[in-house]
S.K.: 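What follows is a structure written as structure tokens; I'll ask about it next.
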2 protein chains.
Amino acid sequence: MPRQVDHARRRRQIAEAVWRLAGRGGLEEVTLRQVAAEADVSVRLVQYYFGTRDDLLLGALEIINADAGERARERVEAQGPGLREIVRAVLLELLPLDEERRARHVVYAAYFVRFLADAGLRAAIQDDPDALETMVAALLADVTESPGDEAAFLVAAAGGLQGQILLGHRTEADAVRLIDRQLDRVFRV
Amino acid sequence: MPRQVDHARRRRQIAEAVWRLAGRGGLEEVTLRQVAAEADVSVRLVQYYFGTRDDLLLGALEIINADAGERARERVEAQGPGLREIVRAVLLELLPLDEERRARHVVYAAYFVRFLADAGLRAAIQDDPDALETMVAALLADVTESPGDEAAFLVAAAGGLQGQILLGHRTEADAVRLIDRQLDRVFRV
DNA sequence: ACGTTTGTGGTACGACCGCATCATAAACCG
DNA sequence: CGGTTTATGATGCGGTCGTACCACAAACGT
């Protein structure tokens, strides 16, 4: 074999090309040839590391999803011990407040319709859909009498704000302000 | 000419094929050939009534968007005079509570990434993004001290719940219940 | 040292893509 | 009634698609 290579690194290099293309023009743009060109490798390599196109779409999603979980955990754990700070960090993770999160949310949007039809793809991200919500609910247990409902509503609103920001219907600052306003209420400041 | 035909009806027939395909597999599936087959017409007819593929995507979106506005208006006007009922109807319009609304929201999801890159497409739907919100805010003017913020949050939450329902993360009934709970709060029952 | 595995490139095949061209039949206009 | 317009079908062209196949060089195992 030519020099032993870091398999995971190559996969990531290719997966990043998938994300960029998907974010630019949807999954429609994610062709083996385009991915190869974007990642600056040959078509053959894309096949070698991921297999078929469906495998590629699944693999790239699994990687970005693992990244998302890791980053979210990092950011939440970087908060102080205040309940409110932690809840806020969790909710803000759903907002495209930097290029990384923005790109990630756009990629999810590109996959969205496929999730509806492909249970395999959905499974790749379905570990944490209500994990966030459960976490928020637990954090709110002592500050409100219906933590589950408040958590659900906060998470849903953050998800809605995400879409509005991406479409340019709302500024990031305004979305953050709205979340803080609701936290004011829930935490009865 | 062969018998004069209802232009608008033919366009709708073809547009509906676009919606079905987009809802099934995203815009990727919306090819001239697939659309023609789904609408049971020839490829030539699709071209005749819409032009290029981009024109087709735009045209089909304009039609579904006009439909959405019309239906929303109907449903909201069918409500009684109660403020809360009207606000509720507006918010529920954002939820996929029947097949028609579900299909529509899935179509919007299929277009989403394209909206980000194509200002022309975005313009086709950008008449009412905050129209809903403005309307809700006006309705809430007398019942809360910050109608704008509450309206924004309610609309955002409804949008977030929409996605959750589509993905099967939440039942329709639960989403409606959550909205009613928040309306309880806002209307201080 | 040598065969086997690993990583990589090139490429060919059949299908499908968007789009344009040619053909044509039926209804309207004069 | 003849010509123009409208609505439709069939088909072909150049390109890209996913995928499979072939080749090969470098490192590893023995």
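In what follows, chains carry the letters A, B, and so on, assigned in the order in which the sequence lines appear, proteins first and then strands, with residues in each chain numbered from 1.
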S.K.: Would you kindly say whether Arg44(B) and Gln47(B) are connected by a side-chain donor-acceptor distance under 3.5 Å?
M.R.: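 There is no such pair (donor and acceptor under 3.5 Å, judged by atom type) between the side chains of Arg44(B) and Gln47(B).
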S.K.: Distance check needed: dA7(D) P versus Arg10(B) CZ, whole Å only.
M.R.: 10 Å
S.K.: Assuming nearest nucleotide by heavy-atom distance, tell me which of Leu45(A) and Glu29(B) is located more 5' along DNA chain C.
M.R.: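 Counting from the 5' end, the first nearest nucleotide belongs to Leu45(A).
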S.K.: Could you check which of dA7(D), dA20(C), dG18(C) has an atom nearest any side-chain atom of Tyr49(B)?
M.R.: dA7(D)
S.K.: For the pair made of CZ in Arg9(B) and P in dT8(D), what is the distance, rounded to whole Å?
M.R.: 13 Å
S.K.: Using a heavy-atom cut-off of under 4.0 Å over every strand shown, decide if Val43(A) touches base, sugar-phosphate, or nothing.
M.R.: base
S.K.: Can you tell which of dA7(D), dG9(D), dC19(C) lies closest to the side chain of Tyr48(B)?
M.R.: dA7(D)
S.K.: Check Asp6(B) with Arg12(B), please: is the shortest side-chain N to carboxylate O separation under 4.0 Å?
M.R.: no
S.K.: What integer distance in Å separates Leu57(B):CG from dG18(C):C1'?
M.R.: 12 Å
S.K.: Mapping Val41(B) and Arg53(A) to their closest nucleotides on DNA chain D, which lands nearer the 5' end?
M.R.: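 Final value for this comparison: Val41(B).
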S.K.: Round to a whole Å and report the spacing from CG of Leu56(A) to C1' of dT19(D).
M.R.: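 Going from CG in Leu56(A) over to C1' in dT19(D) covers 13 Å.
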S.K.: Measure CD/Gln13(B) against P/dA7(D) and give the value in whole Å, please.
M.R.: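 Atom CD in Gln13(B) sits about 14 Å away from atom P in dA7(D).
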S.K.: Out of dC17(C), dA20(C), dC13(C), which has the shortest distance to the side chain of Arg33(A)?
M.R.: dC13(C)
S.K.: So, are Arg71(B) and Asp98(B) salt-bridged, with charged N and O less than 4.0 Å apart?
M.R.: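 So Arg71(B) does not pair with Asp98(B) through a salt bridge.
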S.K.: Starting from P on dT8(D), measure out to CG on Asp40(B) and report it in whole angstrom.
M.R.: 13 Å
S.K.: Of the non-hydrogen atoms in Ala22(B) and Val113(A), which two are nearest, and what is the gap between them?
M.R.: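 Result for this residue pair: O-CG1, 3.5 Å.
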S.K.: Base, sugar-phosphate, or nothing: which does Glu28(B) touch, judged by heavy atoms less than 4.0 Å apart?
M.R.: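 Nothing: the residue Glu28(B), judged by heavy atoms under 4.0 Å, touches no strand.
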S.K.: Do any side-chain nitrogens or oxygens of Ser42(A) fall under 4.0 Å of OP1 or OP2 in dT8(C)?
M.R.: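 No, Ser42(A) has no side-chain N/O under 4.0 Å of OP1/OP2 on dT8(C).
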S.K.: For Asp6(B) and dA7(D), give me the distance from atom CG to atom P, rounded to whole Å.
M.R.: 10 Å
S.K.: Given the rule in the side chain to side chain contact (heavy atoms under 4.5 Å, CB included) test, do Phe112(B) and Val106(A) qualify, once you have shown the distances and angles that lead to the verdict?
M.R.: CA-CA 9 Å; Phe112(B) 189 91; Val106(A) 174; 5.7 Å; no
S.K.: Counting any heavy atom closer than 4.0 Å, what does Arg44(B) reach on the DNA or RNA strands: base, sugar-phosphate only, or nothing?
M.R.: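 Here Arg44(B) touches the bases of the nucleic acid.
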S.K.: Which of these nucleotides, dG7(C), dG18(C), dA7(D), is closest to any side-chain atom of Thr31(B)?
M.R.: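 The closest nucleotide is dG18(C).
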S.K.: Rounding to a whole Å, what distance do you find between Gln47(B):CD and dG18(C):C1'?
M.R.: 8 Å
